[in-house]
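Position 1 is the first residue of the sequence; numbering continues from there. All values reported here derive from a predicted model rather than from experimental measurement. Whatever order the structure lists ligands and atoms in, that order sets their numbers, starting from 1.
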Amino acid sequence: MFRGALRKVCDSMRKISLLGATGSIGRQSLDVIAACGMSVAAITANKSVARLEEQTRQFHPSLAVCMDEAAAADLRVRIADTNTRVASGIEGLVEAATLPEADCVITAVVGNVGLRPTLAALREKKRIALANKETLVCGGELVMRTAREYGAEIIPVDSEHSALFQCLQGSHDHGELKRLILTCSGGPFFGQNREELAGYTKADALKHPTWKMGAKITVDCATLMNKGLEFIEAMRLYSVSPDQVDIAIHRQSIVHSLVEFQDNAILAQLGVPDMRLSIEYALTYPARCPAVVEPLDLFSCPPLEFHRPDYETFTCLKLALQCARRPGTPRVVLNGANEAAVGLFLEDKIRFLEIGELVQYALETVPEGPADTLEQIMEADRAAREAVYSRTR
Ligand code: MG
C-alpha cells in the first residue's frame with residue numbers, strides 16, 4: 001500500500017526538459033527518468049548527434065535541440081521518421097526550457113550557456129533541477145531574485161548542495177543555521193605540493209578517485225576550483241555569508257555534506273557516490289521514491305576521515321574564496337577565465353598550474369563592475385575569456 005502510494009507520486013510527478021542530455025549528468029538523469037516512469041518533453045545537446053538520436057528514439061521527446069547548427073541539420077535528417085521536432089542554438093535551448101508541457105527543467109549543460117534558459121524557465125514557473133553550477137556562480141543574485149519573483153523552485157542536483165538541502169528539511173527558521181560544511185574529495189592530487197603538480201598532464205587530471213564525471217568538472221576537481229564554485233553556489237542557494245561556509249576534504253565521498261545548527265547539532269547526508277540519488281530527489285521532492293542507486297553498506301564502507309584543504313597549493317580554491325567576498329563581476333570573471341583555461345588545458349595547450357595563473361591574470365586585469373543584468377554578466381564573461389586567450393596566443 002505504502003509502496004503503491006509512492007509509485008503514484010513518482011508517476012504523476014514530472015514531465016522533464018533535459019538541457020545537456022548527452023553529458024554525464026544528462027545520461028544519468030535519463031536513467032532516473034526511466035526508472036521512475038517519468039517522461040521527457042525535450043532534450044538538448046551541443047553536437048553529439050548520434051547519442052541524441054538514440055535518446056530521441058528511446059524517450060520520444062516533442063523537441064530535440066542541438067546548439068550547433070550543422071549538428072541540428074544532421075539530426076533533422078536522422079530522425080525525420082519520428083514525431084520529434086528539431087531546433088538549434090541558444091534560442092532552441094530557451095524553447096526547450098520553456099515548453100508548456102514540461103513542469104521541470106534539468107539544467108545539466110556545462111558552463112554559463114545555462115544562464116539564459118534557466119532564467120527563461122524560472123519566468124515560466126518551472127521547477128529547476130539545477131546541475132549547472134556556473135549559472136549560480138555568474139548570475140546568482142539575478143537567478144535567485146527571478147525565482148523569488150515568479151515563485152519558482154530551484155532544487156540542487158550537485159551532490160553537496162542536495163545533501164545540504166536534505167539536511168535543511170525540517171528547519172523553518174533561517175536563524176537556526178550556523179554553518180554549511182561542504183565535503184570535497186580532494187581530487188587526484190590530494191596531499192601533493194606545487195612542484196609535483198607542475199608536471200601533470202590532462203591524462204593525470206582526468207583520473208578522479210571517486211566520482212565519474214565529464215572532463216571539464218573532473219579538471220575542476222583536480223584544481224579544487226570545483227569546490228570554490230560550489231562554495232559560491234552554496235552562498236547563493238542558502239543566502240549565507242562566506243563566513244558560514246566551510247570546506248572539509250573527505251576522501252571517501254560517503255558524507256556528501258553537513259549542516260551545523262546554532263545548538264551545535266550537525267546533520268549529514270550519507271550515501272554511495274552516485275549522482276543519481278540527488279537527481280532523483282530533485283525530481284521527486286518533497287517525496288522520496290524507490291531507490292535508483294545502490295544502498296550504502298555501513299559495515300563495509302571505509303573509515304570516514306576529514307582534512308583541512310591546502311589553500312596554498314590549490315590556488316584556484318583560494319582565488320574562488322577571495323571572489324566569494326567581492327560583489328559584482330569578479331565571480332563572473334573567475335568562472336569565465338576558468339572555463340577558457342580548462343578548455344586550453346584539455347586541448348593540451350597549457351600546463352596544469354597555468355589554469356590558476358590564467359584565472360589570476362584575468363581577475364587582475366578585467367575591470368570590476370556590477371553583475372546585476374544578463375548583459376553585464378555576459379560582458380564580464382567575454383572579457384575574462386579574452387584575457388585568457390590574449391595571454392596564451
Ligand atoms: Mg559537487
Side-chain angles (χ1 to χ4, degrees), residues 20 23-29 32 106-112 114 118 128-138 140 154-168 180-190 205-238 240 245-259 268-283 293 296 304 306-307 309 314 316-317 320-321 324 331 334-335 338-339 342:
S24 171
I25 296 287
R27 298 195 313 268
Q28 295 180 75
S29 297
V32 173
I106 303 178
T107 56
V109 292
V110 178
N112 86 345
T118 302
I128 300 291
L130 186 89
N132 171 237
K133 66 192 67 171
E134 293 89 346
T135 294
L136 276 192
V137 171
C138 295
I154 299 178
I155 316 287
V157 165
D158 211 343
S159 60
E160 295 81 356
H161 304 78
S162 173
L164 297 172
F165 183 73
Q166 294 178 56
C167 293
L168 285 165
L180 307 175
I181 306 164
L182 289 169
T183 53
C184 170
S185 74
F189 307 145
F190 171 73
L206 288 181
K207 284 180 207 143
H208 194 276
T210 46
W211 292 97
K212 267 170 60 193
M213 301 170 293
K216 194 262 176 180
I217 187 170
T218 305
V219 175
D220 285 346
C221 287
T223 61
L224 301 200
M225 178 62 93
N226 182 54
K227 209 50 54 179
L229 299 177
E230 289 183 353
F231 185 102
I232 298 169
E233 186 185 5
M235 282 170 54
R236 284 287 160 255
L237 271 173
Y238 303 110
V240 294
V245 188
D246 268 338
I247 297 170
I249 305 287
H250 169 53
R251 298 292 285 159
Q252 296 79 31
S253 298
I254 300 288
V255 177
H256 298 318
S257 278
L258 314 90
V259 176
Q269 188 255 325
L270 284 71
V272 295
D274 187 328
M275 288 303 296
R276 293 175 304 170
L277 174 57
S278 46
I279 295 168
E280 181 180 2
Y281 191 62
L283 300 183
V293 306
L296 172 67
L304 305 180
F306 301 91
H307 308 270
F314 295 92
C316 284
L317 179 58
L321 267 53
R331 288 164 215 171
L334 174 91
N335 180 71
N338 182 60
E339 276 187 37
V342 171

Using a 3.5 Å distance criterion without hydrogens, assess whether the side chain of Thr218 forms a donor-acceptor pair with backbone atoms of Gly214.
yes
Tally every protein N/O/S atom whose distance to the Mg ion (ligand 1) is less than 2.8 Å; waters are neither shown nor counted.
3
To the nearest 0.5 angstrom, please state how far the CG atom of Leu229 sits from the CG atom of Leu224.
11.0 Å
I'd like to know if Arg236 pairs up with Glu233 as an ion pair, taking the criterion as any Lys NZ or Arg NE/NH1/NH2 lying under 4.0 Å from an Asp or Glu carboxylate oxygen.
no
Closest contact, heavy atoms only, Cys138 versus Asn335:
SG-ND2, 3.3 Å
Ring-plane angle category for Phe190 and His307, please: parallel below 30°, perpendicular beyond 60°, tilted otherwise.
tilted
Do the side-chain N and O atoms of Lys133 and Asn226 include a donor-acceptor pair separated by under 3.5 angstrom?
yes
